[in-house]
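Each remark here refers to the structure printed beneath this line.
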Amino acid sequence: MTTTNSDLIGRDDVDDLEAILSVSNTDKDEVVHEVRSNFDTIFTWDYEKGGRPKLDRLYEKAKTSMWNAQTDLPWDTEVDQEAVVIANTAPMGGPAGGMDFTGTPFEKWTEKEWIQLGVESQNWTLSQFMHGEQGALVCTAKIVESVPWIDAKYYAATQTMDEARHVEVFAKYLDEKLSGHYPINAHLRMLLDDIIQDSRWDMTYLGMQIMVEGLALAAFGFMHTLTTEPLLKQLLRYVMSDEARHVAFGVLSLQDYYKELTDAEMRERQEFAFEAAVRMRDRFLQQEVWERMGLPVKESIELVQRAPDRPMFQAMLFAKIVPNCKKLGLLDASQGWLRHRFEELGVIQFEDWADTGEEYDAFALANGEIAAA
Ligand SMILES: [Fe+2]
Ligand SMILES: [Fe+2]
């Protein structure tokens, strides 16, 4: 069985920029997006609560960790987006980055353009977070229907509520504190469509809880550390406390199930995980921001990719995904197929970092942390 990159991701070279940019969102005014999904809805008559003790514990934890998006965050905080951009200087960017821009589209840029880039970049990033959160909302509602165990149905019901709250906070922050929305990125939409379309119940978990939410947890963590804006910082802190539980839900649900799968079945999961990783990596290029700034997209991305801190920054986003895949046996099944792919993507160095099945408690909000808002 030889599956090529071309079969999986539509191109041979994962870094083929031309091919990545040829996928773009051509329906920017779309309001409703339909995806046909075909799967079995499962009832279970086995109501024994706690049959899966780890999931039961997660469910009990979720019930006491709910917060209210409208009342628990300090929405009256004044946000001056440009001042925040200046204070937080974008990681790749600006004259401060020390790169030589002679002969490039950035050559004549003044501080004004660099700030504008930071503003657009933030609008774009938070917009994609919001769209991804809606993906999580829909996927987790699907898990309520498709997973065969009562403890998992209970837990997924709490996660569905969490995700509604996450969509709500990002939408509110974008509307009230930032300066514009972006439509969903085509690579992200393609990934969400693939996850929803798959009829196998565990693929929803693998695509959403392990891959998308694993990346989100790392990305939120990054932004939480970097931002000096107190409302956003607190918002991310709350969202991350939920998100760590969600990733743990994926790990704890799939762990035993994947032990029973054949090598061929595991290989299908590995390929799915690889495809998801590449789609998310393609999304980081934020092609729509360059378009909106009126810059040549390919040239701008090539430049940004050359920033010295870029490889580290991109790789860090996989810091949760790789150890979780290892815990599920996905790295080494099928003669280490996914291990080799992660080596090629330059992210294998995280394999022995803490997996989220163990560390989610560390993200929990402390007693009184919500009231302190
Ligand atoms: Fe979420
Ligand atoms: Fe989540």
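Only heavy atoms go into these numbers, but all of them, side chains included; no hydrogens, no water, no symmetry mates. Just follow the structure's listing: the first ligand is 1, and inside any ligand the first atom is 1.
A cation-pi contact, defined as under 6.0 Å to the ring centre and within 45° of the axis, links K142 to F39.
Each of Q209, E163, K320 was checked for a side chain to side chain contact (heavy atoms under 4.5 Å, CB included) with E243, and the lone residue meeting it is E163. Of the candidates T3, N5, T4, D7 forms a side-chain hydrogen bond (donor to acceptor under 3.5 Å, both in side chains) with just one, namely T4.
At least one N/O/S atom of E133, whether from backbone or side chain, sits less than 2.8 Å from the Fe ion (ligand 1). Here H166 does not reach the Fe ion (ligand 2): none of its N/O/S atoms is less than 2.8 Å from the metal.
Note: L330 CG to L206 CG = 6.0 Å, rounded to the nearest 0.5 Å.
Taking the Fe ion (ligand 2) as reference, the nearest N/O/S atom within H246 carries the name ND1. For E213, the N, O or S atom with the smallest separation from the Fe ion (ligand 2) is OE2.
A side-chain donor-acceptor contact under 3.5 Å links T64 to the backbone of K61.
Rounding to 10 degrees gives 160° for the angle at the Fe ion (ligand 2) between OE2 of E243 and OE2 of E163.
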